[in-house]
Number of protein chains: 2
Amino acid sequence: MRDRDRGDRPALSEEKIVRAAVDLADAEGIDALSMRRIARELGSGTTSLYRHITGKDELIELMVDAVYGERSLPPDPGDDWRAGLAAVACRFRASLLGHPWLAQQASRRPALGPNVIARLDHALAVVDRFTHDATRANMIVSAVNTYVLGSVAAELADREAQRSTGMTEDEWRDSVGTYVRHVVDSGRYPHFNRRILDADDPNADARFEFGLDCLLSGIASGAGAW
Amino acid sequence: MRDRDRGDRPALSEEKIVRAAVDLADAEGIDALSMRRIARELGSGTTSLYRHITGKDELIELMVDAVYGERSLPPDPGDDWRAGLAAVACRFRASLLGHPWLAQQASRRPALGPNVIARLDHALAVVDRFTHDATRANMIVSAVNTYVLGSVAAELADREAQRSTGMTEDEWRDSVGTYVRHVVDSGRYPHFNRRILDADDPNADARFEFGLDCLLSGIASGAGAW
DNA sequence: GCAGGCATGCGCACAGTGTACGAGTGTGGT
DNA sequence: ACCACACTCGTACACTGTGCGCATGCCTGC
């Protein structure tokens, strides 16, 4: 008993709980994340978790900050603020895509853990090469983060749709297609039709980069000044 | 019995259920939305709801489309595509802000109800004044919608934070402030400090419009072309 | 008028959730 | 040696979504 408790189960800790929770959420989705399940994964009793965290809400905040901390900060891009900001945005996007549950939590409470602050500081440092106006720098970073967040949310929605129905991409397209054909045949939405019929459907990466490029160009041009 | 069933409770219907669900989610948040609670609000049995909808997932999809349909389409802006697109973005934002639970659902399955399609068609019509390239129009609309979604998600996170803690804005600022002071005092994040100390904290409307203006300027300048 | 089918409403039950409470246990300080 | 403490965890409670099957009232065919 002594050996088992000391050896095989080297006691719980906040860090271990958070790591197990992140792994579980990554593997099976945020809906599968329950306290009982985390405890089972750790080989401990369910309520033991509550000795190290105050509740599920706090656990999720800790998970968010932990994920923000797992990637190292991108290298200093020198004077090219635009490339630097694009790199920040891509890293942020990669973090969100790697942990699909993250984007879903973003509209709950704002994360302000140490790792989040570190990333924010880095982004502000990059923008500082472009403008020394603290208020403006703040808004620029907000705008870029905001765009990335929305972009990933939309991308995940698409991905989730075909995952939850268990269809391949082609099957999904067919399924939606027959429904959409009704709408198209009604002829009431000509522009929507054109989008379906004429437009190429760019992949998520291309869409992301297109919007990011527009946003950065607008920033560079000095838009948004009073 | 006959009278009661016929008069006071004029039978359930999909539409009534959806409306009750939207009202409840607006008033008490998405977490308070349970099938039992909706049934109680309607004065019916819980499982009666399942005669009209297949389950909670479908209910939420119906709720999303219902909300998209409650605002009339903005007037045709004529040839000023930029003003028209800005109007579309503001309407979208208003819908999301009026129903905080909406943004949280956006990263689940994509809504493709009739009302959503109608709005999409309208947006594409506006952009058609700017470019006739269907693929490019598609990406432009995506980028704007994406930005609005992210912007609202961030705004709601702030709002939710102070609502859930039951603090006023000042109390919240103080509470975060003391925590942040630790970080600031450490001196490790100079740019973050400058943001806290020097930057004005623009309200959500200003932040939204700043980013939107940047994005639209970038689009107008032709950014994102290969 | 009446029988039967059918749509609808709903009580019960089941497996699952977050977490409060308090009892049990091994460890370190005095 | 003793006590206090940190920790683990079984039990319990009030919830959740929803499948099953029964009851009831209306509509149709005779």
Side-chain angles (χ1 to χ4, degrees), chain A residues 1-22 24-25 27-64 101 104-105 108-109 160 164-165, chain B residues 1-22 24-25 27-64 101 104-105 108-109 160 164-165:
Chain A
M1 191 70 161
R2 234 166 299 159
D3 292 330
R4 238 174 272 152
D5 275 349
R6 279 215 240 166
D8 295 350
R9 306 175 188 174
L12 249 30
S13 72
E14 179 187 296
E15 193 191 333
K16 276 185 189 168
I17 294 173
V18 171
R19 202 190 324 267
V22 169
L24 183 56
E28 307 190 23
I30 191 75
D31 291 335
L33 188 78
S34 75
M35 301 305 271
R36 282 169 173 74
R37 187 65 201 282
I38 296 168
R40 206 201 311 159
E41 223 72 32
L42 288 165
S44 77
T46 306
T47 52
S48 306
L49 306 177
Y50 287 86
R51 284 288 150 183
H52 301 92
I53 57 173
T54 66
K56 198 183 188 181
D57 285 353
E58 193 203 47
L59 173 59
I60 290 183
E61 286 187 37
L62 293 171
M63 289 169 65
V64 170
W101 47 269
Q104 293 176 10
Q105 299 310 317
R108 295 194 170 268
R109 27 181 67 239
E160 175 63 21
S164 72
T165 55
Chain B
M1 191 68 163
R2 235 166 297 158
D3 292 329
R4 239 174 271 153
D5 274 351
R6 279 215 241 164
D8 294 351
R9 307 175 188 173
L12 249 31
S13 72
E14 179 186 296
E15 193 192 332
K16 275 184 189 169
I17 294 173
V18 171
R19 199 187 330 264
V22 168
L24 183 56
E28 307 189 26
I30 191 75
D31 291 335
L33 188 79
S34 75
M35 301 306 270
R36 281 168 173 75
R37 187 65 202 282
I38 296 169
R40 205 202 310 159
E41 221 73 33
L42 288 166
S44 76
T46 306
T47 51
S48 307
L49 305 176
Y50 288 86
R51 290 284 165 193
H52 301 92
I53 55 173
T54 66
K56 199 183 188 183
D57 285 353
E58 192 202 48
L59 173 59
I60 290 183
E61 286 187 37
L62 292 171
M63 289 168 65
V64 170
W101 46 272
Q104 293 178 7
Q105 298 311 315
R108 296 194 169 267
R109 29 179 65 241
E160 175 63 21
S164 73
T165 54

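These values consider heavy atoms only, across backbone and side chains, with no hydrogens, waters or symmetry-generated copies. Proteins come first, then strands; the chains are lettered A, B, ... in the order of their sequence lines, and each starts at number 1. Remember, predicted model here, so these are calculated numbers, not experimental data.
- No side-chain heavy atom of A/Leu59 sits less than 4.5 Å from a side-chain heavy atom of A/Leu49.
- Put simply, CD on A/Glu58 is 15 Å from P on C/dG18, counting in whole angstrom units.
- Here the CG-CD1 distance, from B/Leu12 to B/Ile17, works out to 4.5 Å after rounding to the nearest 0.5 Å.
- Taking only side-chain nitrogens and oxygens, A/His52 never comes nearer than 4.0 Å to OP1 or OP2 of D/dA6.
- As a whole-Å value, the separation of A/Lys16 NZ from D/dT8 P is 10 Å.
- Rounded to whole angstrom, the span from the CD atom of A/Glu28 across to the C1' atom of C/dG16 amounts to 15 Å.
- Atom CD of A/Glu14 and atom CG of A/Leu62 lie 4.5 Å apart (nearest 0.5 Å).
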Per-nucleotide protein contact string for nucleotides 13-22 of chain D, where B marks a base within reach and S marks sugar-phosphate only (heavy atoms under 4.0 Å, - for neither): ---BBBB-B-
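- Within the structure, salt bridge (charged side-chain N to carboxylate O under 4.0 Å, His left out) contacts touching residues 43-61 of chain A (residues at least two apart or in different chains) are A/Glu61-A/Arg109.
- Applying the salt bridge (charged side-chain N to carboxylate O under 4.0 Å, His left out) definition to pairs two or more places apart or across chains, those involving residues 29-42 of chain A are A/Glu28-A/Arg37, A/Asp31-B/Arg108, A/Arg37-A/Glu41.
- Spacing between atom CZ of A/Arg40 and atom C1' of C/dA15 amounts to 13 Å, rounded to whole angstrom units.
- Of the residues A/Val22, A/Ile60, A/Leu33, the one that meets the side chain to side chain contact (heavy atoms under 4.5 Å, CB included) test with A/Trp101 is A/Val22.
- Here the P atom of nucleotide C/dA20 and the CD1 atom of A/Ile53 are 12 Å apart, to the nearest Å.
- The distance from atom CG of A/Leu12 to atom P of D/dC9 is 8 Å, rounded to the nearest whole Å.
- If you measure from atom CG of A/Leu42 to atom P of D/dC7, you get 16 Å, rounded to the nearest angstrom.
- Phosphate proximity of C/dC10 to B/Ser48: present, with a side-chain N or O under 4.0 Å from OP1 or OP2.
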